[in-house]
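Comments concern the structure below.
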Amino acid sequence: MTLADAVAHLSPERWERANRLLVRKALAEFAHERLITPEEQDGGRYVVRSDDGLTGYRFAAVRRALDHWQIDADSITRHRDGEELPLAALDFFIELKESLGLSDEILPVYLEEISSTLSGTCYKLTKPQVTSAELSRAGFQAIETGMTEGHPCFVANNGRLGFGVHEYLSYAPETASPVRLVWLAAHRSRAAFTAGVGIEYESFLREELGEETVARFRSRLTGRGLDPADYLFIPVHPWQWWNKLSVTFAAEVARDLLVPLGEGDDEYLAQQSIRTFFNASAPHKHYVKTALSVLNMGFMRGLSAAYMEATPAINDWLAQLIDSDPVLKASGLSIIRERAAVGYRHLEYERATDRYSPYRKMLAALWRESPVPSLQEGESLATMASLLHVDHEGASFAGALIERSGLAPVEWLRRYLRAYYTPLLHSFYAYDLVFMPHGENTILVLRDGAVRRAVYKDIAEEIAVMDPDAALPPEVARIRVEVPEDKKLLSIFTDVFDCFFRFLAAQLAAEGILEEDGFWRTVAEVTREYQEANPQLADRFRQYDMFAPEFALSCLNRLQLRDNKQMVDLADPSGALQLIGTLENPLAGF
């Protein structure tokens, strides 16, 4: 690849379009988070002024439920001293630096993340234009790699700081480039393998790697006079090996505590989370989630060896809970379990750092079940993030599924809510159990466009039990968190209503598929239906009221604008929340 080929996606026209789309999102989400206050001019037109008051951004917008700003990207213009200027996202953040609370330290790094996000958008604009209708008939991975937006709330949502352009082209999910994982042998004195019930290291490894590859890797060790029985095999993201481990872990390599074995034979595709891989060569085999010391959306995307140890046990515990609960079972809910994990502890870095340091998260991996073997005849898979995807003609993937299903929009929505939302309600009310149920963490099982059931993933790192007295097995105890009473329901109001339904409702309304009122009425009906079916939890329904008139507005961009390297203190997630006023609960009217 020539120097010019590597940046061929960065053309003036695509850059202009990417900037317009990003400024649109910034205006909409920052207005939603009350960082900026658009002044109404006339007939649905607004203006936002720069910190010095001299630059104005004018645009047309529709205001919807949950204080959602639906802004027409093509209506945005930028003016100063009576002349119109081009839209430039980097200028936008500098002009509104004070309003956005961007410190001198954070601003340049945030601009770098914005630049990377824009570059990614330019690349996506080079891809063949696939309509949502075509995508609704495509395979699981075509849908996964066909996503163009990333997280709906975060403005800088594709930072990936650490990837050069050639690495972006090799490892970003939207490029759909096949990846072979690098394998290392890690000395058992510093590495540990843990697994769920019924999994044994040797046979698991043979199933994942194949006999020939295992034999090849073992002969690498014996060829160096080392005993394979002293080592565990760890899959590694190629970027991590070339950019981090081969240098930062030089001492381990020099002392044969880590031995590079080569690449595996299977080809994988990066998923939306960038560090998780789907096995494209053998779709029934496990996903592999790897450590990746790349800064993306408020966190270094490492994996902690210490955290990995309890991962399979937490997954087994949750799978058993779902299996034994009639409400969850009836909803069709399943999880794809993280079945095995392996982690390597660099003892010197551990002595030098606290337990949240990125230096402790450089070498670990886990294996997560594939949802493919669980499919029945006629079923297909789609990441839930796809529901918010909008094609180049303005048509949504959700709308295409509704059309394909032949169901009335309200009936399609009701089936989706029963599969995805009812289990979240029940987990909360019956067990104080909450998930991180965003679009990238949920897979929908579809038949003819209609949602049959939901599959939750990313379990051990993302679930929490908000009852300090919950009787949990000792190996699962780390998921217990203390959350103030008045913040508990934000796990649904923020994560589901504000960060997902807000966008889905607005898009379906914009396309004329389903009015907002109809959307929220259906959510209210499904909530009531669940509550009436479970009268034994009536006291809890009163204590935590889904129909309360309002709830606290929890702001995600504010977290990233304040500290884009570690948005949240993982030891006290609720303590970090940026709560700014309240939102009217769209269920209150029903």
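FYI, side chains are in, hydrogens and waters are out, and symmetry mates aren't considered; it's all heavy atoms of this structure. It should be emphasised that the depicted structure is a prediction, and the values quoted were computed from it without experimental measurement.
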Scan the side chains in residues 580-590 for donor-acceptor partners under 3.5 Å anywhere in the protein, sequence neighbours excluded, and list what turns up.
from, atom 1, to, atom 2, distance (Å)
T582, OG1, E550, OE1, 3.4
N585, OD1, L587, N, 3.0
N585, ND2, M546, O, 2.8
N585, ND2, A548, O, 2.8

Fill in: Donor-acceptor pair between R160 and N158 side chains, under 3.5 angstrom
yes

Worksheet item: Just checking, any donor-acceptor pair under 3.5 angstrom between side chains of N315 and E338?
Response: yes

Worksheet entry | For the student: nearest non-hydrogen atoms of A510 and Q70, plus distance | CB-NE2, 3.5 Å

Worksheet entry | Backbone of V197 reached by a side-chain donor or acceptor of R339 within 3.5 Å | yes

Discussion item. With ring pair (Phe, Tyr, Trp, His ring centres under 6.0 Å) as the criterion, how do Y416 and Y421 come out once you've worked through the C-alpha distance, each side chain's angles and the decisive distance to 0.1 Å?
Written reply: CA-CA 8 Å; Y416 159 64; Y421 168 67; 9.0 Å; no

Discussion item. Measuring only between side-chain heavy atoms, which start at C-beta, is V455 closer than 4.5 Å to I335?
Written reply: no

Item to complete: Could you grab the distance from atom CD of E267 to atom CZ of F278, nearest 0.5 Å is fine?
Response: 13.0 Å

Discussion item. Do Q578 and S554 pair up side chain to side chain, a donor and an acceptor below 3.5 Å, judged on atom types alone?
Written reply: no

Worksheet entry | Test log, rule salt bridge (Lys or Arg N to Asp or Glu O under 4.0 Å), inputs K488 and E485 | CA-CA 6 Å; K488 284 188 175 178; E485 286 296 299; 3.0 Å; yes

Worksheet entry | Exam field: side chain T121 to backbone A18, donor-acceptor pair closer than 3.5 Å | no

Discussion item. If only side-chain N and O atoms count, and only distance matters, is there a donor-acceptor pair under 3.5 Å linking H68 with R502?
Written reply: yes

Worksheet item: Would you say the side chains of Y456 and E462 form a donor-acceptor pair under 3.5 Å?
Response: no

Practice prompt. Output yes when R418 and E529 qualify as a salt bridge under the 4.0 Å nitrogen-oxygen rule, no when they do not.
Written response: yes

Item to complete: Tell me yes or no: between the side chains of S386 and T383, is some donor less than 3.5 Å from an acceptor?
Response: no

Item to complete: Show your reasoning for whether side chain to side chain contact (heavy atoms under 4.5 Å, CB included) applies to V48 and E39.
Response: CA-CA 6 Å; V48 165; E39 301 162 32; over 6 Å; no

Worksheet item: Can you tell me if R58 uses its side chain to pair, donor with acceptor, with the backbone of I76 under 3.5 Å?
Response: no

Discussion item. Using side chain to side chain contact (heavy atoms under 4.5 Å, CB included), reason through F154 and E29 one step at a time and then give a plain yes or no.
Written reply: CA-CA 8 Å; F154 285 103; E29 288 308 298; over 6 Å; no

Discussion item. The test is side chain to side chain donor-acceptor pair (under 3.5 Å); show your working for E393 and T131 and say whether it passes.
Written reply: CA-CA 7 Å; E393 295 169 351; T131 65; 5.8 Å; no

Worksheet item: Taking side chain as C-beta onward, heavy atoms only, is L22 less than 4.5 Å from V155?
Response: yes

Practice prompt. Verify whether one side chain among Q141 and Q271 offers a donor that lies under 3.5 Å from an acceptor in the other.
Written response: yes

Worksheet entry | Parallel, tilted or perpendicular: ring planes of F277 versus Y268, cut at 30 and 60 degrees | perpendicular

Worksheet entry | Worked verdict on I402 versus L508 for side chain to side chain contact (heavy atoms under 4.5 Å, CB included) | CA-CA 10 Å; I402 293 169; L508 293 177; 4.0 Å; yes

Discussion item. Walk me through whether M147 and E440 qualify under side chain to side chain contact (heavy atoms under 4.5 Å, CB included).
Written reply: CA-CA 11 Å; M147 296 300 94; E440 194 275 310; over 6 Å; no

Worksheet item: When the ring planes of F541 and Y429 are compared, do they come out parallel, tilted or perpendicular, using 30° and 60° as the limits?
Response: perpendicular

Worksheet item: Quick one: CD on E113 to CG on L118, what's the gap to the nearest 0.5 Å?
Response: 12.0 Å

Discussion item. Show the nearest heavy-atom pair for residues W69 and H32, with the distance to one decimal.
Written reply: CD1-N, 3.9 Å

Worksheet item: How long is the gap from OG1 on T276 to CG on L366, to the nearest 0.5 Å?
Response: 7.0 Å

Worksheet item: Between A89 and N19, which heavy-atom pair has the shortest distance, and what is it?
Response: N-OD1, 2.7 Å

Worksheet item: Between the main-chain N or O of H392 and the side-chain N or O of Q129, is there a donor-acceptor pair closer than 3.5 Å?
Response: no

Discussion item. Can a donor-acceptor pair be found, under 3.5 Å and without considering hydrogens, that links the side chain of N441 to the backbone of D458?
Written reply: no

Practice prompt. Please confirm whether the backbone N or O of F428 pairs with a side-chain atom of R540, one donor and one acceptor, at under 3.5 Å?
Written response: yes

Worksheet item: Distance-only, no hydrogens or angles: does the R558 side chain make a donor-acceptor pair with backbone N or O of E33 under 3.5 Å?
Response: yes

Worksheet item: Which distance, rounded to the nearest 0.5 Å, do you find between the CZ of F59 and the CD1 of I71?
Response: 4.0 Å

Discussion item. Other residues, nucleotides and ligands only: do more than 12 of their heavy atoms fall within 6.0 Å of CD on E411?
Written reply: yes

Fill in: Over 12 non-hydrogen atoms of neighbours within 6.0 angstrom of CD in Q543
yes

Discussion item. How long is the straight-line distance from CZ of F397 back to CG of L401, given to the nearest 0.5 Å?
Written reply: 4.5 Å

Discussion item. Salt bridge or not between R542 and D539? Use side-chain N to carboxylate O under 4.0 Å.
Written reply: yes

Worksheet item: Would R34 and D67 count as a salt bridge (Lys or Arg N to Asp or Glu O under 4.0 Å) if you check the C-alpha gap in whole Å, the side-chain angles of each, and the deciding distance to 0.1 Å?
Response: CA-CA 10 Å; R34 301 168 191 174; D67 208 8; 3.5 Å; yes

Discussion item. Would you say E208 and H286 are linked by a side-chain donor-acceptor pair, where the criterion is simply a distance under 3.5 Å?
Written reply: yes

Item to complete: Check the side chains of H438 and D495 for a donor-acceptor pair under 3.5 angstrom, ignoring hydrogens and angles.
Response: no

Worksheet item: Can you find a heavy atom in the side chain of T126 that is under 4.5 Å from one in the side chain of R14?
Response: yes

Discussion item. Between F501 and F519 (judged by ring centroids, cut-off 6.0 Å), do the two rings come close enough to count as a pair?
Written reply: yes

Worksheet item: Side chain of K285, backbone of D266: donor and acceptor closer than 3.5 Å?
Response: no

Worksheet item: Can you tell me how far the CG atom of L387 sits from the OH atom of Y420, to the nearest 0.5 Å?
Response: 9.5 Å

Worksheet item: Would Y431 and D325 count as a side chain to side chain donor-acceptor pair (under 3.5 Å) if you check the C-alpha gap in whole Å, the side-chain angles of each, and the deciding distance to 0.1 Å?
Response: CA-CA 11 Å; Y431 303 106; D325 183 284; 2.5 Å; yes

Worksheet item: Looking only at heavy atoms, what is the nearest atom pair of L135 and A142, with distance?
Response: CD1-O, 3.9 Å

Discussion item. Between S427 (side chain only) and L424 (backbone N and O only), is there a donor and an acceptor less than 3.5 Å apart?
Written reply: no

Discussion item. Is there a side-chain contact between E379 and Q376 in this structure, where contact means two heavy atoms from C-beta onward sitting under 4.5 Å apart?
Written reply: yes

Fill in: D467/R480 salt bridge by N-O under 4.0 Å criterion
no

Discussion item. Using a 6.0 Å distance limit plus a 45 degree cone around the ring axis, check whether R64 lies over the aromatic ring of F503.
Written reply: no

Worksheet item: Is E369 reaching over with its side chain to a backbone N or O of R337, donor-acceptor style, under 3.5 angstrom?
Response: yes

Discussion item. Testing the basics here: between S334 and R453, what is the closest heavy-atom pair and its distance to 0.1 Å?
Written reply: OG-NH1, 4.2 Å

Discussion item. When you compare the side chains of E525 and Y530, does any donor N or O come within less than 3.5 Å of an acceptor on the partner?
Written reply: no

Worksheet item: Which atom pair, heavy atoms only, marks the closest approach of M466 to S491?
Response: CE-OG, 4.4 Å

